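Structure record follows, encoded as structure tokens.
None of the values given here were measured: they were computed from a predicted structure.
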2 protein chains.
Amino acid sequence: MTAEWVEELGAERASLGRASTAGRVADVLRAHVTQGRLLPGTRLSEEEIGAALGVSRNTLREAFRLLTHERLLTHEFNRGVFVRRLDSDDVRDLYAFRRILECGAIRRGATLGRLTGEPLDDVRRAVETGERAAAAGDWNEVGTANMEFHQALGALADSQRVDEAMSHVLAELRLVFHAMAAPEAFHQPYLEDNRRIFEFVAAGSHEEAVAALLAYFDAAEAQLAAAI
Amino acid sequence: MTAEWVEELGAERASLGRASTAGRVADVLRAHVTQGRLLPGTRLSEEEIGAALGVSRNTLREAFRLLTHERLLTHEFNRGVFVRRLDSDDVRDLYAFRRILECGAIRRGATLGRLTGEPLDDVRRAVETGERAAAAGDWNEVGTANMEFHQALGALADSQRVDEAMSHVLAELRLVFHAMAAPEAFHQPYLEDNRRIFEFVAAGSHEEAVAALLAYFDAAEAQLAAAI
DNA sequence: ATTGACGGATTGTTGAACAATCCCTCATTC
DNA sequence: GAATGAGGGATTGTTCAACAATCCGTCAAT
């Protein structure tokens, strides 16, 4: 017991004060991008951002490098750094990738016997959050819950790399929505889909869940492509 | 025709002189890491590497940031940058991710009608290269061909993000092999598996291909786990 | 309308400097 | 011998200043 407690303390300490300034700046910028405060296409001036955040240009450049690999920023040689703007090819590719990740995660979850317990509860919670938010007319929250739903589907695979890939995919999708005129209309139609997919998963019918998810992807991708 | 020629010239020019020094340094380091000249656990001193490559520490730090997200390097705050050393959890997670990526890519390829033509030829070519290399006793080349085989399986999905994820996964696997005493023994047993998987894919029997691939993953993961 | 020149703003990189941190060595204590 | 603490050197993380190169907008000339 003592050894476990000391380990926890060690892990706590590891997460405090171990972040570099570059890492922290990247966190701040990431939040601004994913929350739509920095819109796709926006140019991030080293001078301005550096002054605003009180860090040197070199440190900021390190932070930029951290974020370009997350595909949130795009680095154009000699022209600067921009919040990424996704085009229809990006959307197509994102959905191809999602099909592989999320369907594979459900299958993997079934193989590992994880379509139950806490992983399943996370999926359920996201569905319920979305339904509640829709009933309250909070479309922003519906969108957030929808993303949580998909992140939870990915988490059925119990894989750090899948979780991370899902996180990046969903961050990119946020960029797509931020560039849209009326993104709210995008999420509501799929609440019933989410509920159905969840129920298949909960019933252990993973192949049905996969089929329902694929149908959702087809519809969502088509709707998104039409909106860009 | 003229417009096409001008476009090609434009693309050529875009690939010349558009790389930053940080990007180039990252390329050099990436090659050293993936080719085993910098072994897992090796510490990369800013002073030494900067002097050797003739770049400033700031530029080198940018390059390091580029490579940490590719999971080739690991950045330890206040301690420096190291070539990543993978542990058994990493291997487990890599194989989980591969199952999802590669099996999903075969399925996606089938849906898109791509288990034919050039994508299939790339798979066949990698199998043949491996068999030729094994006949010549060139185990290094067998290993390389094996990686090409799996990259080609991923490419069946026709997705840039899948290709990229596969590329990263295979780079990480190289790190695992570089840390092994006798990695050659790892690739040869699977030549027949590769041939069988290829033949299922070529016959359009994607579910059989997936089953054979999963069996391969189970065996390869077990062998690798035992070797770490 | 097109082209070329110019200038200002910005990026990319370098190098120096300094504070903070880490790690190794050595001395001291039990 | 093992554990602890101090000291010092090496290195990292960051800042700053400087400069060359590049880009882009503006203006003048054709």
So, is the end of the B/Arg98 side chain (NZ or CZ) under 6.0 Å from the ring centre of B/Tyr95 and within 45° of the ring's axis?
->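 Output yes; distance and angle both within limits.
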Within 45° cone of A/Phe177 ring axis and under 6.0 Å: A/Arg174 NZ or CZ =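 No, A/Arg174 and A/Phe177 do not form such a contact.
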Considering only D/dT14, C/dT11, D/dT12, which nucleotide approaches the side chain of A/Asn78 most closely?
->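 It is C/dT11.
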Please check if the side chain of B/His32 supplies one atom and the backbone of B/Leu38 the other of a donor-acceptor pair under 3.5 Å.
->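 Not confirmed, B/His32 side chain does not pair with B/Leu38 backbone.
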Test item: B/Arg65 side-chain N/O and A/Leu66 main-chain N/O as donor-acceptor pair under 3.5 Å =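 Pair absent, no side-chain N/O of B/Arg65 close to backbone of A/Leu66.
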Which salt bridge (charged side-chain N to carboxylate O under 4.0 Å, His left out) pairs, counting each pair once, include a residue from residues 148-157 of chain B, with sequence neighbours left out?
->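 Qualifying pairs: none.
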Roughly how many Å is it from [atom1] in [X] to [atom2] in [N], rounded to a whole number?
X: A/His75; N: D/dC23; atom1: NE2; atom2: C1'; answer: 14 Å
X: B/Glu76; N: D/dT11; atom1: CD; atom2: P; answer: 16 Å
X: A/Phe77; N: D/dC24; atom1: CZ; atom2: P; answer: 13 Å

side-chain N/O A/Thr21 vs D/dG13 OP1/OP2, d < 4.0 Å =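 Indeed not, no polar side-chain atom of A/Thr21 lies that close.
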Under-4.0 Å side-chain N/O to phosphate OP1/OP2 contact, A/Arg79 with D/dC24 =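 Yes, A/Arg79 has a side-chain N/O under 4.0 Å of OP1/OP2 on D/dC24.
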What parts of residues 43-64 of chain B reach DNA chain C, counting only heavy atoms under 4.0 Å away?
->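 Contacting residues: B/Gly54, B/Val55, B/Ser56, B/Arg57, B/Asn58, B/Thr59.
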Identify, with sequence neighbours excluded, every residue that meets ring pair (Phe, Tyr, Trp, His ring centres under 6.0 Å) alongside A/Tyr190.
->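 For A/Tyr190 the ring pair (Phe, Tyr, Trp, His ring centres under 6.0 Å) partners, ignoring immediate neighbours, are A/Phe186, A/Tyr216.
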